[in-house]
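As structure tokens, the structure follows; a few thoughts come after it.
Below, each value reflects all heavy atoms present in this structure, side chains not excepted, and no hydrogens, waters or symmetry copies.
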Amino acid sequence: MRRVLRREVAGIIGLLTDERDFRAMGHYRTFGFADFATYLQSVEDLLSSRASQGAHTMVTLFDPQEYADFCTDTGLDPDTPSSRARFTAEVATTGPAVPYDGQPLADLIPALVDEAVRRATWGYASALLARLGACTSCGEDIGRTAFTRASGLLARILDTAPTGRRHLVCSVSGAPETLVAVLHADADPDGTSQLDEAEALEFTTVLALGLATQSPGGLVMRTTAPSAPDRVCGWRLRAGAFEPLTAGEVFDAYCTDADSGDLVSPESGVDYCAPPDLGPDATPSAHRH
């Protein structure tokens, strides 16, 4: 019966994804691993073993510095497996985590790192939006207004997009670095868009930040459908305005090397085109008080 119950228990593994973090754990006597490759192989074997028994496992990032801070704040001894387990459980509820579905660790680690970057991007963009506060002239919350506008724009883009699998990328330039958000959306036969809510939230937040701060940026959408060339279109962000790119501008953007400025060959089987009309009410003026 214990074996039966074990299948009902979900597991969480805190994973060290690079050798620097692995070395940082080496001074704990109870850590027990001296070689990073051996550690990764042991983790993969454990994940595979649990999956073969029908057990569900989530994998989360284990950050040594965050762990040390956690132990200091909670008064736990950091050199014990139980403290590491408590920290892992805590991180899994608030930080990045991905399910193990039998994929190789070489595929799982990039997915976990991407999830961490996605969460960090959303958190940073959200904090900047919240920091904008209320307009001193009309009292409107600038960040909330921009988020509402960005949500409407995204909805109109998906509603008017050609049928197929949509891949959208939004980038907003700013200090200290450019923020990039990615959204995947599939269309049902009835035209309803299926998308990941967390991705959509991050994407909308980054777009809202570009609108609210009037930062330069852009949004590109690639639509893939069976037996048809891929369609690529886009919009630019400029001074709070959301403007469609012409087919020629999209072509130039995709067929120009960003570093050298040299022309590069266009992709075969790709149409560079103007975006669909979002309607007269889709791009209202930004908050300009």
Side-chain angles (χ1 to χ4, degrees), residues 98-99 101-104 107 110-111 114-115 117-118 121-122 149-173 178-208 210-211 216-238 241-284:
V98 297
D101 296 320
Q103 67 271 49
D107 295 335
D114 286 347
E115 174 69 6
V117 171
R118 186 186 65 76
T121 299
W122 173 76
R149 182 184 174 207
S151 298
L153 285 170
L154 178 57
R156 288 295 298 151
I157 289 171
L158 295 177
D159 288 345
T160 58
T163 302
R165 174 169 293 181
R166 297 82 172 262
H167 177 83
L168 296 90
V169 179
C170 179
S171 61
V172 173
S173 300
T178 297
L179 296 181
V180 178
V182 177
L183 177 64
H184 302 88
D186 294 332
D188 289 341
D190 63 357
T192 303
S193 294
Q194 298 294 330
L195 42 82
D196 181 271
E197 291 185 4
E199 273 192 356
L201 177 60
E202 179 210 353
F203 191 92
T204 306
T205 303
V206 171
L207 176 57
L211 296 171
L219 191 158
V220 174
M221 177 174 65
R222 184 174 188 136
T223 304
T224 303
S227 305
D230 285 7
R231 295 171 58 87
V232 178
C233 63
W235 296 260
R236 70 166 57 88
L237 287 170
R238 177 186 292 171
F242 192 71
E243 305 169 349
L245 297 173
T246 66
E249 289 172 325
V250 176
F251 180 88
D252 290 342
Y254 267 79
C255 300
T256 303
D257 185 275
D259 296 323
S260 66
D262 296 334
L263 295 177
V264 296
S265 299
E267 292 184 67
S268 61
V270 175
D271 285 346
Y272 303 97
C273 48
D277 184 5
L278 301 182
D281 299 324
T283 56

Is there a side-chain contact between [X] and [Y], using heavy atoms and a 4.5 Å cut-off?
{"X": "L195", "Y": "H184", "result": "no"}
{"X": "R156", "Y": "T160", "result": "yes"}
{"X": "L237", "Y": "L219", "result": "no"}
{"X": "L183", "Y": "D196", "result": "no"}
{"X": "Y272", "Y": "E267", "result": "yes"}

Which atom pair, heavy atoms only, marks the closest approach of [X] to [Y]?
{"X": "S171", "Y": "V180", "value": "CB-CG2, 4.1 Å"}
{"X": "C233", "Y": "C273", "value": "CB-O, 3.2 Å"}
{"X": "E199", "Y": "R118", "value": "N-NH1, 4.1 Å"}
{"X": "T223", "Y": "G164", "value": "CG2-CA, 4.2 Å"}
{"X": "R231", "Y": "P162", "value": "NE-CG, 3.5 Å"}
{"X": "D271", "Y": "P229", "value": "OD2-CG, 3.4 Å"}

- Can you say whether the rings of F242 and W235 are parallel (under 30°), tilted (30 to 60°) or perpendicular (over 60°)?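 Correct class here is parallel.
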
- Item | Residue that, paired with D186, satisfies side chain to side chain donor-acceptor pair (under 3.5 Å) out of R166, R165, Q194 |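 Testing D186 for a side chain to side chain donor-acceptor pair (under 3.5 Å) against R166, R165, Q194 leaves exactly one candidate, R165.
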
Nearest 0.5 Å, please: how far is [atom2] in [Y] from [atom1] in [X]?
{"X": "T224", "Y": "R222", "atom1": "OG1", "atom2": "CZ", "answer": "6.0 Å"}
{"X": "L154", "Y": "T204", "atom1": "CG", "atom2": "OG1", "answer": "5.0 Å"}
{"X": "C170", "Y": "M221", "atom1": "SG", "atom2": "CE", "answer": "13.0 Å"}

- Query: Stepwise, does the side chain to side chain contact (heavy atoms under 4.5 Å, CB included) test hold for V220 with Y254?
  - Reply: CA-CA 10 Å; V220 174; Y254 267 79; 3.0 Å; yes

- Task: Give a yes or no answer on whether the side chain of Q103 reaches the backbone of D101 with a donor-acceptor pair at less than 3.5 Å.
- Result: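 Looks like yes, one N/O pair under 3.5 Å.
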
- Task: Scan V169, V206, L168 and name whichever one has a side-chain contact (heavy atoms from CB on, under 4.5 Å) with V182.
- Result: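 Exactly one option meets the side-chain contact (heavy atoms from CB on, under 4.5 Å) with V182, and it is V169.
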
